[in-house]
S.K.: 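Following this message is one structure expressed as structure tokens.
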Amino acid sequence: MKITVVYGQNHKGSTYHVARMLAEKLDGEITEIFLPRDFDKFCVGCANCIMRDAKYCPHAEALQPLTQKLDEADVLILASPVYVYHVTGSMKAFLDHYGWRWMVHRPEHSMFRKQAVCITTAAGAGMKSTLKDMADSLWFWGVGKVYRYGLPVYAINYSHMSEKKKQKVDQKTTALAKKIKAREGKVQPSLKTKAFFTMMHLVRSKKPSDDADGTYWKQQGWTGSKRPWKD
Ligand SMILES: Cc1cc2nc3c(=O)[nH]c(=O)nc-3n(C[C@H](O)[C@H](O)[C@H](O)COP(=O)(O)O)c2cc1C
């Protein structure tokens, strides 16, 4: 099993330890991306990725190897501490670069068979909105199964986290790892994902277009009977 972990921070605090613990329990090959260390660009809003091709993004060269790491993984872990009720700016800037991959545009077919976990830690509040920041992208990328784990650590860093909390993290990550391993190779996207994709299929097959999105859907066979979770 290949696991790619994207951290919305460079430092190894509470969020890192929780995500790393889960990744290790999956007993696979772990690849880590630290933000902003491995990608520090902001979207410039040119929309070249959406209108033309991701290769025309001014940051394409830096982004491409990271895209490859996302695509090669069976399990994606997005982990960010809560910063003012949301993901870190680095995580947001990274996710902004994948607008072209949303189901309304040009989703990557392998996403529909992947599992993903969103992880966040907070001093006390803001986990729900932070998890949603990451889960929104994963869902719109078409990821088959998305889990969320938000933890109020009541601490400003990992060394201040209580032993009781650490035990809780251990139990929760063991349970999550068990679920993920049991589902490996059998992932099917939810009915909601299939329904949304089918709606896109109807729009694109009724109104064919030769723009970047239209051409891609046709090439994939999705304007016909092919579906990304079937092949
Ligand atoms: C800039 C900044 C903003 C933060 N905003 C919140 C917040 O909105 N709610 C909260 O409960 N904790 C907030 N915190 C605390 C962190 O989310 C919390 O300590 C988290 O566990 C840190 O994870 P880390 O050790 O991985 O950095 C904030 C911390 C920083 C540095």
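Counting convention: from 1, in listed order, for ligands and their atoms alike. Hydrogens, waters and symmetry mates play no part in the numbers below; they use all other heavy atoms, side chains included.
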S.K.: Please report the closest heavy-atom contact between His97 and Lys41, naming both atoms and the distance.
M.R.: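 Heavy atoms only, the tightest pair is CE1-O, 3.3 Å.
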
S.K.: If you measure every N or O of Gly13 against every N or O of ligand 1, does any of those distances drop under 3.5 Å?
M.R.: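 No, Gly13 has no N/O under 3.5 Å of an N/O on ligand 1.
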
S.K.: N/O to N/O below 3.5 Å, does that happen between Val153 and ligand 1?
M.R.: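 Among all N and O atoms of Val153, none is under 3.5 Å from an N or O of ligand 1.
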
S.K.: Does a donor on one side chain and an acceptor on the other come within less than 3.5 Å for Thr15 and Thr121?
M.R.: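 Yes - a donor-acceptor pair under 3.5 Å links their side chains.
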
S.K.: Starting from atom 31 (C) of ligand 1, find the nearest protein heavy-atom neighbour and note its residue, name and distance.
M.R.: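 Scanning the protein heavy atoms, the shortest distance from atom 31 (C) of ligand 1 goes to Tyr83 CE1, 3.7 Å.
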
S.K.: Relative to ligand 1, is Thr121 under 4.0 angstrom through side chain, backbone, both or neither, heavy atoms considered?
M.R.: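 Looking at Thr121 and ligand 1, atoms from backbone and side chain both fall under 4.0 Å.
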
S.K.: Could you pull out, from Ala125, Gly126, Gly89, the option with a heavy atom nearest to atom 9 (N) of ligand 1?
M.R.: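 Nearest option to atom 9 (N) of ligand 1, by heavy atoms: Ala125.
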
S.K.: Looking at ligand 1, would Ala122 count as a contact under a 4.0 Å heavy-atom criterion?
M.R.: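 Distance cut 4.0 Å: Ala122 passes for ligand 1.
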
S.K.: Quick one: look up the protein heavy atom nearest atom 5 (N) of ligand 1 and list residue, atom name and how far away it is.
M.R.: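 Protein heavy atom with the smallest distance to atom 5 (N) of ligand 1: Val84 N, 2.9 Å.
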
S.K.: Think Arg20 forms a cation-pi with Tyr16, using NZ or CZ under 6.0 Å from the six-ring centre and within 45 degrees of its axis?
M.R.: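 Relative to the ring axis of Tyr16, which defines the angle, Arg20 lies outside at least one limit.
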
S.K.: Tell me yes or no: between the side chains of Lys218 and Thr223, is some donor less than 3.5 Å from an acceptor?
M.R.: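 Result is no, nothing qualifies.
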
S.K.: How about Tyr147 and Arg183: does a side-chain donor come under 3.5 Å of a side-chain acceptor?
M.R.: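 Their side chains do contain a donor-acceptor pair, which is all the 3.5 Å distance test asks for.
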
S.K.: Test side chain to side chain contact (heavy atoms under 4.5 Å, CB included) on Met111 and Leu138; report intermediate values, then the result.
M.R.: CA-CA 9 Å; Met111 290 291 164; Leu138 292 167; over 6 Å; no

S.K.: Would Lys192 pass as a cation-pi partner of Trp139, given that its NZ or CZ must be under 6.0 Å from the six-membered ring centre and within 45 degrees of the axis?
M.R.: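 Yes - Lys192 lies over the ring of Trp139, closer than 6.0 Å to its centre and within 45° of its axis.
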
S.K.: Check this for me - ligand 1, Pro81, N or O atoms closer than 3.5 angstrom, yes or no?
M.R.: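 N/O-N/O distance below 3.5 Å does not exist for this pair.
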
S.K.: Report yes or no: is the cationic atom of Lys166 (NZ for Lys, CZ for Arg) under 6.0 Å from the centre of the six-membered ring of Tyr158, at an angle within 45° of the ring normal?
M.R.: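 Here Lys166 passes the 6.0 Å and 45° test against Tyr158.
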
S.K.: Using heavy-atom distances, let me know which of Tyr85, Tyr154, Tyr158 sits nearest atom 8 (O) of ligand 1.
M.R.: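 Minimum heavy-atom distance to atom 8 (O) of ligand 1 goes to Tyr85.
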
S.K.: So, applying ring pair (Phe, Tyr, Trp, His ring centres under 6.0 Å) with Phe197, which one of Phe112, Trp141, Phe140 is it?
M.R.: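 Only one option passes, and that is Phe112.
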
S.K.: With a cutoff of 4.0 Å, is His11 in contact with ligand 1, counting heavy atoms of the residue only?
M.R.: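 The answer is yes, since His11 has a heavy atom less than 4.0 Å from ligand 1.
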
S.K.: Give me the residue, atom name and distance of the protein heavy atom closest to atom 26 (O) of ligand 1.
M.R.: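 The closest heavy atom on the protein side is Thr15 OG1, 2.7 Å.
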
S.K.: With respect to atom 4 (C) of ligand 1, which of Val82, Thr88, Asn10 exhibits the smallest heavy-atom separation?
M.R.: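 The option holding the nearest heavy atom is Val82.
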
S.K.: Does Ser14, backbone or side chain, put an N or O under 3.5 Å from an N or O of ligand 1?
M.R.: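 For ligand 1, there is an N or O atom that lies under 3.5 Å from one belonging to Ser14.
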
S.K.: Between Asp71 and Arg101, is there a side-chain N and carboxylate O pair less than 4.0 Å apart?
M.R.: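 Judged by the 4.0 Å cut-off on N to carboxylate O distance, Asp71 and Arg101 do form a salt bridge.
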
S.K.: Closest non-hydrogen protein atom to atom 19 (O) of ligand 1, residue and atom name please, with distance?
M.R.: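 It is Ala155 O, 3.0 Å.
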
S.K.: State whether the shortest distance between N or O atoms of Ala123 and N or O atoms of ligand 1 falls below 3.5 angstrom.
M.R.: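 The answer is yes, given that Ala123 and ligand 1 share an N or O pair closer than 3.5 Å.
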
S.K.: Relative to the heavy atoms of Gly124, which atoms of ligand 1 are at a distance of less than 4.0 Å?
M.R.: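 Within the 4.0 Å cut-off of Gly124, ligand 1 contributes 10 (C), 11 (O).
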
